[in-house]
Amino acid sequence: MRVFAHRGASKEAPENTLQAFELAVKAGVHGIEFDARQVDNDIVIIHDRRLDRTTNGVGLVQDKTLAYIRTLDAGNQQPIPLLQEVLSVAPPGMLCNIEIKHLDSVERWLAAFDTACIESGKAVDEIIISSFNHHWLWAIKQLRPTLNIALLTASFDVNALSFAEPFTPWSINIALDVAEQTYIEEIKAKGYKAYVYTVDHPLDMQLLKKWGADGIFTNRPALALATLG
Ligand code: G3P
Ligand code: MG
């Protein structure tokens, strides 16, 4: 079962900072997950809509200029990183899950994504693009059918996986609250991978492994790797 560091090793270092991602890489994770917001023609890595919780700034990320955002402290005197900086931390073979929290324009987002891949040297097939906003993912899929898409969901719908079929997604990433063996089996029977977020307790990790989950997102990657062997 694969272990993705959720916002980096975010129990040990400030979430979504290069420090958190470097610690995750050092722990030997299979992948890192991070939250992306488009600001003009760039992509910055921060979870919340607002700057207040995780930085010394205030207000909405999308109202700010990149220059201002880059002056802020995201904890331990770490800046809010750019997409290319985070992709650069992941060595070859390590997967990167970009979770899109906000985008202004799919075309400009893809242009920024391309630039980040070139600047970091990260192989595109080692990148997975996820979001709760399936409209954005659908638009990306139309323009770039070969990109790896992961559909995020926090529900187990009556019509189960009908929402996923047009995408032929790389994975379905489901909330721990709705994870159950039948759901995981249904996802895998369709030929998709089943990932679960956010899993920090060893007993949950072991149960999901037993149920056949392909991977988890965890704030405690070192613990997960030790627990899962
Ligand atoms: O990508 C999985 C997980 O990160 C989704 O929820 O709010 O932690 O970004 P959130
Ligand atoms: Mg996320």
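First listed ligand is number 1; within each ligand, the first listed atom is number 1. Start at 1 with the first residue, then count along the sequence.
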Only N/O/S atoms count here: what is the atom of Glu33 closest to the Mg ion (ligand 2) called?
OE2
Ligand 1 and Thr198, any nitrogen or oxygen pair closer than 3.5 angstrom?
no
Using modelled atom types only, decide if a donor and an acceptor are shared between the side chain of Glu33 and the backbone of Ala5 within a distance under 3.5 Å.
no
Would you check whether Phe132 reaches within less than 4.0 Å of ligand 1, judged by its heavy atoms?
yes
Just give me the atom name: the N, O or S atom of Asp35 closest to the Mg ion (ligand 2).
OD1
Quick check: does any side chain N or O of Arg2 sit under 3.5 Å from a backbone N or O of Ile216, one acting as donor and the other as acceptor?
no
Short N/O distance, under 3.5 Å, between Glu33 and ligand 1?
yes
Answer yes or no: does atom CZ of Arg108 have more than 12 heavy-atom neighbours from other residues, nucleotides or ligands under 6.0 Å?
yes
Give me the residue, atom name and distance of the protein heavy atom closest to atom 10 (P) of ligand 1.
His47 NE2, 3.3 Å
For the pair Lys122 (side chain) and Met94 (backbone), establish whether a donor and an acceptor sit closer than 3.5 Å, ignoring hydrogens and angles.
yes
Asn76 side chain to Gln78 main-chain N or O, any donor-acceptor pair under 3.5 Å?
no
Within ligand 1, which atoms have a heavy atom of Arg7 less than 4.0 Å away?
7 (O), 8 (O), 10 (P)
Using modelled atom types only, decide if a donor and an acceptor are shared between the side chain of Gln38 and the backbone of Ser105 within a distance under 3.5 Å.
yes
Checking Lys188 side chain against Gly212 main chain: does a donor-acceptor pair fall under 3.5 Å?
yes
Per-atom filter on ligand 1: closer than 4.0 angstrom to a heavy atom of Lys101 are 7 (O), 9 (O), 10 (P)
For ligand 1, indicate whether the residue Asn173 contacts it via side chain, backbone, both or neither (heavy-atom separation under 4.0 Å).
neither
For N/O/S atoms only: which one belongs to Glu99 and is nearest the Mg ion (ligand 2)?
OE1
Give yes or no for whether the N/O distance cutoff of 3.5 Å, strictly under, is met between Asp35 and ligand 1.
yes
Could you identify the single nearest non-hydrogen protein atom to atom 5 (C) of ligand 1 and state the distance to 0.1 Å?
Glu99 OE1, 3.3 Å
Check whether Lys141 reaches the backbone of Pro169 with its side chain - one donor and one acceptor, N or O, closer than 3.5 Å.
no
